[in-house]
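Structure record follows, encoded as structure tokens.
The structure displayed is predicted, hence computed values, not measured ones. So you know, we letter chains A, B, ... as the sequences are listed, proteins then strands, and number each from 1.
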Amino acid sequence: MIVATTRPETMLGDTAVAVNPDDERYRDLIGATLQLPLTAREIPVIADEFVDPAFGTGAVKVTPAHDPNDYAMGERHGLPQVVVIDKHARMTNEAGKDFVGLDRYEARAKVVERFDALDLLEKVVDYEFAISRCDRCRTVVEPLVSTQWFCRMTEMAERALEAGNKQHEPEFVPQNPWTKVYTDWLENIHDWCISRQLWWGHRIPAWYTEDGKVIVTRSEEEARAKAGCGDAQLTQDDDVLDTWFSSGLWCFSTLGWPDETDDLKTFYPTSVLVTGRDIIFFWVARMTMLSLKFMDEIPFCEVAITGIILDKHGQKMSKMKGNTVDPLAVFDKYGVDATRITLAAASAGTDVRWRDDQVESYRNFANKIWNAARFCLMNAEGARIGARVEGASETWALHDRWIVSRFNRAAEEINAALEKRQFHEAVYSLYHFFWDDFCDWYIELVKADVTNVEASPARDAARSRLLTMLEQSLRLLHPLMPFITEELWQRLASLAGEGGREFLHPAYREMNPTVMLAAYPQVRAELIDERAESEMNAVIELISRVRSIRSEMNVKPGEAVRVLVSAPDARTREVFATSIDQIKRIARASEVTISESLEVVPRGSARAALGAGAEAIVPLEGLIDFEREQGRLGRELEKVEAEAARGEAQLANSQFRERAPAEKVEELGKRVDDLVSRAQAIRRMLEALRG
RNA sequence: GCCCGCUUAGCUCAGUGGUAGAGCACACGCUUCACACGCGUGGGGUCAAUGGUUCAAGUCCAUUAGCGGGCACCA
């Protein structure tokens, strides 16, 4: 019979040749006995479904001692196991006296040579196949039958599956696809080989007597007692337990198990396990199974699966590849807070390509927080923070109502995101609230008021509102940037009642105030103020358009401009009027004139269309660059017209009007009206410019 | 071979059927009394391809391509 092999030396350990029972070519030979070349052994031809008739010659040599599949076949057919390669990859006595002591590769060559000499060699062909290698030294691994300790898993896996079905525990977040990965593995459970041939770890608690009896107990003393031979020679198994075996006990062993400690009673079962998808089998499933076994409970109700940190090329990090990041070096370079929030900013469950420049941007964020707080604290004299200053909302300016509204929106979003374990959404909301709303706008809006050197109730009230907003923001930021927020919060605490104690949960009132124990800000829906937001948006738009004109018309930063604002809507005029000081300061305007309409536009003005039919005009006298202004307005018109046309087409579609929710139709209608009126305004401006 | 995920700006990535976004990078201007690790203003998109569902698709469905991962197998 002709068989194929990639490891000719193993033929010395063959104890059968297998064929598929349905293979016509070999049917007659099943049960026959073959002479195994180069040995004195006779081996049977066996029939086994495992054999693929289409592969190779359809006849497979079977080496139970040196191949996992052959081992299984050997078990099915009661074949002997002949070990021909030892632990040092040298041929054993069983390989015969011509081969004993040879290295496996020398033996391989010699077997081929002998076959050739005996005219038994059909052919030698190049062949590519996957080969298993040692992870550490890359040595090719030869399978070798050996005695190992196994843990029977069937019952434990069934219990874990049952808990999954009945209690839906643990719950994976995100649910897909990890629930399926977890249950699939449990459903196809294999007995667990817990022996490891390493020199570190817990040694397997099995002892052998001199006559080869095995005793498994907790200690050698117990083993001795159990053996009933006080001073007999006992030898402990050399193998150690798989590290995941003890890791699997982690949830309760760390709390003092097997003792019934207070910690165990208080903290077990735990709430959330945060881990990576690569150890769902190794660790998570083992923890659930071992916890059910020893504690009768699932150890955590939720498993939050995070992404894995990859290097910047998308490769998994490993010490062997040398592409690992040293967290301590990152901490030194950018700070712990920046590192922490960078990790939180990684989209939930998605792998992250690690890039320093990302950490750098959060280092910059930390610096921004520091400097904003520095500004606030520089102007803290006379300020108070906390519940007492929050009360007087009727005295708040538009921008105060606005920032409080924005803060409460952020608090709402952030709490919801944390609840869903969507940490990146929380980071996004925090970053933009703090940097865009609080720093870029609010601080600038209140700057004149709070930096006033003359003390006054109005100044101190403005300072109190600013510092109160900072204090609340620090609390909101704290879980993501713990160190900087604590440092700054401590500096603020003295401005609050009882040195900050008023912010602590009643249970902690006796302790030293720390932001760690302060209540986490929750949304106060009554402080979300849609009107303040839309009014403030109008002010922001006006300021932005004036700035845009200044920049595009190359007005020097130090140079003040006049701003003429027209607004047909009385409420809009009122809003601009109440914020006129802020507009002047931030837009760097010497004068802001607000009127219902402008009959006469000064020659050489740059203009911008605003919402609600309002218009901003910046007279530039001789300074205006007509070509630039035309280009600027032209680009704007193009954008507005394109969007208006899209909206109009949609509104003209009867299907849309009939089937879309009325609310959406109305919304689009309003938007299109605004766009159309803006387009008209811009066209008038362009005409005026040409004329 | 089976299963899963990804493909959006130069790069790394968010995006919940209804106006495509961020950070970095880029361009221009700025020693504006918290911050140049900053401030202001800009430019930059066939949302992998094709088909379908829908009044409406980056988003839902199907197919294809490319990339990544897991499991199985490798006589």
Side-chain angles (χ1 to χ4, degrees), chain A residues 3-7 10-11 17-18 50-52 55-63 67 69-70 127-132 176-178 180-181 184-185 188 277-278 280-281 308 310 312 314-316 334 338 342 345-347 349-358 360-379 422 424-425 427-428 431-432 439-440 443-444 447 451 543-544 547-558 585-586 588 632 635 639 642-644 646-647 650 653-661 663-665 667-668 671-672 675:
Chain A
V3 299
T5 181
T6 55
R7 298 189 298 155
T10 63
M11 62 78 53
V17 167
F50 170 78
V51 181
D52 176 2
F55 199 93
T57 62
V60 188
K61 59 190 274 310
V62 183
T63 326
D67 182 276
N69 290 309
D70 292 5
Y127 184 64
E128 241 176 71
F129 65 106
I131 210 161
S132 55
N176 289 316
W178 309 121
K180 194 166 150 35
V181 168
D184 281 357
W185 188 79
N188 298 302
R277 60 150 194 278
D278 47 346
I280 289 175
F281 313 143
I308 292 169
L310 308 172
K312 67 179 169 198
Q315 296 290 311
K316 218 167 159 174
Y334 300 110
T342 301
S347 168
T350 305
D351 292 349
V352 185
R353 292 191 193 200
W354 187 263
R355 289 157 49 101
D356 273 5
D357 60 359
Q358 235 171 326
E360 194 181 341
S361 75
Y362 287 108
R363 189 269 319 259
N364 295 349
F365 183 47
N367 193 49
K368 188 74 181 175
I369 295 168
W370 184 262
N371 280 306
R374 205 157 66 95
F375 171 80
C376 297
L377 287 161
M378 274 168 60
N379 298 290
Q422 300 291 315
H424 65 293
E425 290 180 7
V427 171
Y428 184 91
Y431 187 95
H432 291 287
C439 293
D440 285 352
I443 288 182
E444 295 306 324
K447 202 170 243 177
T451 56
I543 293 170
S544 300
R547 277 173 166 176
S548 178
I549 287 169
R550 294 183 58 110
S551 176
E552 298 212 28
M553 292 300 131
N554 289 323
V555 177
K556 292 200 176 66
R585 184 185 163 93
I586 301 176
R588 300 212 146 219
R632 194 179 66 82
R635 281 198 306 278
K639 245 189 287 182
E643 211 182 319
R646 249 201 331 258
Q650 207 175 341
N653 184 344
S654 59
Q655 299 271 29
F656 172 71
R657 305 194 76 99
E658 281 163 32
R659 304 205 187 180
E663 175 195 314
K664 294 282 177 194
V665 178
E667 202 180 288
L668 183 65
R671 213 175 73 226
V672 169
L675 288 166

query: Start at the 5' end of RNA chain B and walk down; is the nucleotide closest to A:Tyr431 or to A:Asp52 reached first?
result: A:Tyr431

task: Mind checking A:Thr451 for me? I need base, sugar-phosphate or nothing, with any heavy atom below 4.0 Å counting as a touch.
output: nothing

- prompt: With a 4.0 Å cut-off on heavy atoms, is A:Arg7 in touch with a base, just the backbone sugar-phosphate, or nothing at all?
  reply: nothing

- prompt: Looking only at atom C1', what distance separates B:rG43 and B:rC24, rounded to whole Å?
  reply: 16 Å

task: Would you classify A:Cys376 as touching base, sugar-phosphate or nothing, given that sugar-phosphate means primed atoms plus P, OP1 and OP2, and contacts are heavy atoms under 4.0 Å?
output: nothing

- prompt: Want to settle it: does A:Asp67 or A:Lys180 sit nearer the 5' end of RNA chain B, counting the closest nucleotide to each?
  reply: A:Lys180

query: Using a cut-off of 4.0 Å on non-hydrogen atoms, how would the nucleic acid contact of A:Thr63 be classed: base, sugar-phosphate, or nothing?
result: nothing

- request: Assign A:Phe50 to base, sugar-phosphate, or nothing according to its heavy-atom contacts below 4.0 angstrom with the strands shown.
  value: sugar-phosphate

message: For the P atoms, the ones on B:rU7 and on B:rG44, what distance do you get once it is rounded to whole angstrom?
response: 24 Å

query: How long is the line joining CD of A:Glu552 and P of B:rA27, in whole Å?
result: 18 Å

field: Listed nucleotide nearest any side-chain atom of A:Ser361, set B:rG21, B:rC73, B:rG23
entry: B:rG23

- prompt: Is there a Watson-Crick or G-U wobble partner for B:rC2 with both distances under 3.5 Å, and if so, which one is it?
  reply: B:rG70

query: If you look at every strand shown and take non-hydrogen atoms under 4.0 Å, does A:Lys447 touch a base, only sugar-phosphate, or nothing?
result: base

field: B:rA57 versus B:rC30 - spacing of their P atoms, nearest Å
entry: 47 Å

query: Distance between the P atoms of B:rC3 and B:rA27, in whole angstroms?
result: 49 Å

- request: Remember a base hit wins even if backbone is also touched, and classify A:Val62 as base, sugar-phosphate or nothing at under 4.0 Å, heavy atoms.
  value: nothing

